[in-house]
Amino acid sequence: MSFLNKLKNEIIIADGAMGTLLYSYGTDSCFEELNLSQSEQIQHIHEAYIGAGAELIQTNTYAANYLKLQRYGLEDSVKEINSAAARIAKKAAKGRAYVAGTIGGIRGFKPNMISLEEIKRSFREQLYCLLLENVDGILLETYYDLEELETVLAIARKETDLPIIAQVSLQEAGVLQNQTSIADALTKLEGIGADVVGINCRLGPHHMLKTLESVPLPKHAYLSAYPNASIPAYTDGKFHYEGDAAYFRQSAIEFRNQGVRLLGGCCGTTPDHIKAFSDVLKGLPPIEEKETKAINKVIVSEKPSSSRELPPLQDIVRERPSVIVELDPPRKLDTSRFFEGAKALKEAGIDSITLADNSLASPRVCNSALGYLVKQQTGLRPLVHVTCRDRNIIGLQSHLMGLHALGLNDILAVTGDPARVGDFPGASSVYDVSSFELISMIKQLNEGLSFSGKDLGQKAAFSVAGAFNPNVRSLEKAVGRLEKKIEHGADYFISQPVFSEEKLLEVHEAVKDLKAPVYIGLMPLTGSRNAEFLHNEVPGIKISDSIRNRMASLKDDPVQAGAEGIVIAKSLIDAAAELFNGIYLITPFMRYEMTVELSNYARETTERLSRRKQHA
């Protein structure tokens with residue numbers, strides 16, 4: 001008899017975590033490989049859950065797919081591992097329990113990192129392996145990305161008539177990370193063909209029960225729930241769960257009252273937790289009706305809490321010529337010269353001072369702290385760079401919320417140079433997200449939503465620039481990246497420095513049809529060594545032979561070399577002003593006098609051009 005027939009009139013108790021037990025035994029590698037090397041241990045765990053009252057167990061195959069096994073060099077062992085897992089589970093069951101072939105989700109909070117085509121190929125391979133072993137059903141669990149689960153569920157439903165359990169995982173109670181409500185998500189999964197729909201992982205009994213309050217009984221499918229034992233603790237280099245089995249005993253009736261007919265456990269649960277469920281619910285009939293509660297949604301204010309004092313730069317540069325200047329935060333604690341430069345640039349009439357985020361992976365004074373002080377002391381608009389290198393997704397959201405609180409609304413989102421190129425080559429580079437995803441996340445804050453989809457109660461007011469490297473072999477591909485950034489929400493772009501009029505013309509032709517404006521980067525050279533370093537060692541910068549030769553001819557006269565760098569930069573400003581409304585000047589080595597002179601020259605040049613056009 002199919003376990004679906006049993007679910008018509010009974011509550012079925014499922015098993016609990018496999019990985020938690022293996023980890024507690026000292027295993028900290030590929031759990032799925034143990035199906036081959038330690039099959040008896042896996043079988044004993046299955047038997048322990050059956051002894052505790054589990055009537056449905058799952059194969060030890062959560063991550064036994066090509067994409068995840070690849071991390072361990074086991075991608076060619078997909079069939080061997082899945083087949084062994086199914087046989088072990090069936091041997092342990094001995095007809096006392098149903099065996100569900102488990103296939104876990106692949107995408108996490110970065111859905112775009114793995115294409116659906118890759119997921120489809122990997123899923124089909126694992127699915128066929130489990131079906132060939134005649135499992136009693138398929139369990140799709142721990143899917144944070146609804147699109148992924150809908151995709152694989154459709155494949156599974158087409159390939160088999162076996163019962164399919166489809167379970168989502170939530171970052172926040174009641175809602176998926178794409179803002180779909182749990183009730184709507186489960187209805188969609190039922191419509192695609194899932195026989196059992198529910199929730200597993202991430203949430204403990206408290207939040208899972210609260211989530212289920214908004215979920216009506218499915219029309220044709222049944223509800224499932226596999227809560228975590230607790231929030232994991234981290235002690236002496238190891239994760240552990242402190243959830244009490246007695247707590248699960250107390251929540252068992254509440255899960256029944258929410259309409260759950262298939263009840264198991266996820267991370268941190270043990271046979272003791274499953275026995276607690278079984279002792280309370282065995283023999284009790286499932287409920288046939290329930291009342292749902294609406295999730296109290298916080299109403300996000302339509303207006304940002306920190307209203308903008310100035311229009312965003314993308315609006316300014318569309319209406320008139322605009323100059324912004326990068327002035328790097330200092331590497332040392334003395335900030336006096338930095339603020340001298342900021343005040344001088346304010347007097348030069350620039351629209352914004354941009355502050356890099358530890359450029360070239362070398363630590364500097366925090367750019368958000370300096371940005372706030374610049375705004376307070378000079379009234380100049382700070383444009384703060386934010387990299388993906390130094391902060392995980394938790395730190396990024398916290399950092400951005402802090403910028404919002406400080407009223408620093410202008411951001412340049414960049415991936416960031418890898419840590420190995422900087423002062424601390426042994427430091428780690430985080431890169432939880434790319435610049436594309438960071439842009440999307442910042443724009444999500446503008447909707448009043450956290451990265452995980454949680455309501456923040458008010459909207460941010462960020463204007464987001466994207467980085468643009470025009471010094472590449474294929475400008476067409478570079479512009480393609482810009483278009484992709486626009487799709488993710490970029491409002492405008494700031495380019496790496498350009499050092500020739502030919503390149504300016506080439507870039508203008510490439511970006512003229514973009515929907516977002518571009519600030520073209522220009523930087524004065526200080527000497528021959530500076531030019532050679534930039535050309536040969538700094539990613540994304542190339543300098544023409546003619547300019548390098550000009551600087552080389554003055555390598556023994558630093559004063560004259562600096563003056564020549566100004567002359568070259570002014571010539572480029574003349575050309576750039578004819579083609580771009582936005583000019584981005586980069587200050588070399590805190591020599592702000594150079595960018596002050598060039599800022600004044602750029603303003604005079606654009607004013608002259610404007611008068612000429614008016615009289616034309």
Side-chain angles (χ1 to χ4, degrees), residues 310-330 335-356 359 367 370-371 373-375 377-385 410 412 463 465 468 492-499 501 504 507 517-526 530 534 541 561-612:
L310 298 168
L313 285 170
Q314 67 265 24
D315 291 349
I316 290 175
V317 76
R318 281 191 175 102
E319 294 174 3
R320 62 167 175 80
S322 172
V323 178
I324 61 177
V325 177
E326 179 175 318
L327 188 66
D328 265 352
T335 60
S336 55
R337 181 160 174 79
F338 172 86
F339 283 102
E340 287 173 9
K343 290 172 184 176
L345 288 165
K346 168 68 174 177
E347 293 171 4
I350 68 170
D351 288 308
S352 176
I353 182 171
T354 86
L355 304 161
S359 56
N367 64 349
L370 287 182
L373 292 173
V374 163
K375 183 179 179 182
Q377 295 181 19
T378 71
L380 190 57
R381 176 205 305 259
L383 194 162
V384 177
H385 302 198
D410 298 279
L412 171 64
S463 168
F468 168 36
Y492 62 104
F493 296 101
I494 298 176
S495 89
Q496 291 272 34
V498 171
F499 289 96
E501 294 181 20
L504 287 171
V507 172
V518 173
Y519 278 88
I520 194 71
L522 303 173
M523 184 171 77
L525 298 169
T526 60
N530 173 226
L534 292 171
I541 296 181
E564 185 66 14
I566 291 287
V567 170
I568 293 169
K570 286 181 176 179
S571 175
L572 292 172
I573 288 173
D574 289 337
E578 296 274 3
L579 303 170
F580 298 90
N581 249 16
I583 292 177
Y584 167 52
L585 298 172
I586 302 165
T587 306
F589 310 114
M590 200 60 73
R591 293 173 64 172
Y592 67 80
E593 297 88 354
M594 299 180 82
T595 42
V596 166
E597 181 177 348
L598 293 174
S599 297
N600 286 322
Y601 183 80
R603 188 184 67 251
E604 294 165 2
T605 300
T606 54
E607 289 174 355
R608 185 171 63 251
L609 282 173
S610 179
R611 289 194 298 269
R612 191 179 73 191

Legend entry - Rounded distance [0.5 Å steps], CG in L412 versus CZ in F468: 13.5 Å
Inset, instruction - Give the minimum heavy-atom separation between L504 and A576, together with the two atoms involved. - result: CD1-N, 3.9 Å
Legend entry - Qualifying residues under side-chain hydrogen bond (donor to acceptor under 3.5 Å, both in side chains), relative to T595, sequence neighbours excluded: T587
Inset, instruction - Would you please test L310 and D410 for side chain to side chain contact (heavy atoms under 4.5 Å, CB included) and show each step? - result: CA-CA 10 Å; L310 298 168; D410 298 279; over 6 Å; no
Inset, instruction - Identify the two heavy atoms, one from A602 and one from I583, that lie closest to each other, and give their separation to 0.1 Å. - result: CB-CD1, 4.5 Å
Inset, instruction - First locate atom CG of L355, then atom CG of L327, and finally report the distance between them rounded to the nearest 0.5 Å. - result: 7.5 Å
Inset, instruction - Considering non-hydrogen atoms only, spot the tightest contact between T354 and I324 and give its length. - result: CG2-CD1, 4.0 Å
Inset, instruction - Report yes if some heavy atom in the side chain of F339 is under 4.5 Å from a heavy atom in the side chain of L370; otherwise report no. - result: yes
Legend entry - E326 side chain reached by M523 side chain, heavy atoms, under 4.5 Å: no
Inset, instruction - Over all heavy atoms of both residues, which pair between A344 and Y592 is shortest? Give the atoms and the distance, please. - result: CB-CE1, 3.9 Å
Legend entry - Candidates R612, E607, R611 - the one meeting side chain to side chain contact (heavy atoms under 4.5 Å, CB included) with L609: R612
Legend entry - Contacts of type side-chain hydrogen bond (donor to acceptor under 3.5 Å, both in side chains), residue Q377, not counting sequence neighbours: none
Legend entry - Under the side-chain hydrogen bond (donor to acceptor under 3.5 Å, both in side chains) test, residues paired with T378 that sit two or more places apart: none
Legend entry - From CA spacing to verdict: side chain to side chain contact (heavy atoms under 4.5 Å, CB included), L585, L522: CA-CA 5 Å; L585 298 172; L522 303 173; 4.0 Å; yes
Inset, instruction - Quick one: pull up CD1 in I520 and CZ in F580 and give me the separation to the nearest 0.5 Å. - result: 4.0 Å
Legend entry - Sidechain N-carboxylate O distance under 4.0 Å for E593, R337: yes
Legend entry - From I566 atom CD1 to L525 atom CG, the distance as rounded to the nearest 0.5 Å: 10.0 Å
Inset, instruction - Side-chain contact test, heavy atoms from C-beta onward, threshold under 4.5 Å: evaluate it for L313 versus S352 and give yes or no. - result: yes
Legend entry - I316 and R381, any side-chain heavy atoms less than 4.5 Å apart: yes
Inset, instruction - List the atom of A561, the atom of T526, and the distance in Å for their closest heavy-atom pair. - result: CB-O, 3.9 Å
Legend entry - Min side-chain heavy-atom separation H385-N367 under 4.5 Å: yes
Legend entry - Pairing residues for E501 by the side-chain hydrogen bond (donor to acceptor under 3.5 Å, both in side chains) criterion, not counting sequence neighbours: S571
Legend entry - Pairwise side-chain contact, D574 with Y601, heavy-atom cut-off 4.5 Å (strictly under): yes
Inset, instruction - Could you list the residues that satisfy side-chain contact (heavy atoms from CB on, under 4.5 Å) with K375, not counting sequence neighbours? - result: E309, P382, L408
Inset, instruction - Determine whether Y519 and V323 make a side-chain contact, defined as any pair of heavy atoms from C-beta on separated by less than 4.5 Å. - result: no
Inset, instruction - Quick one: list whatever passes side-chain contact (heavy atoms from CB on, under 4.5 Å) with A348, sequence neighbours left out. - result: V596, S599, N600
Legend entry - Nearest-0.5 Å distance, CZ of residue R608 to CZ of residue R603: 12.0 Å
Inset, instruction - Compare every heavy atom of G379 with every heavy atom of K346, then report the nearest pair and how far apart it is. - result: NZ-O, 3.8 Å
Legend entry - R318 and N581, any side-chain heavy atoms less than 4.5 Å apart: no
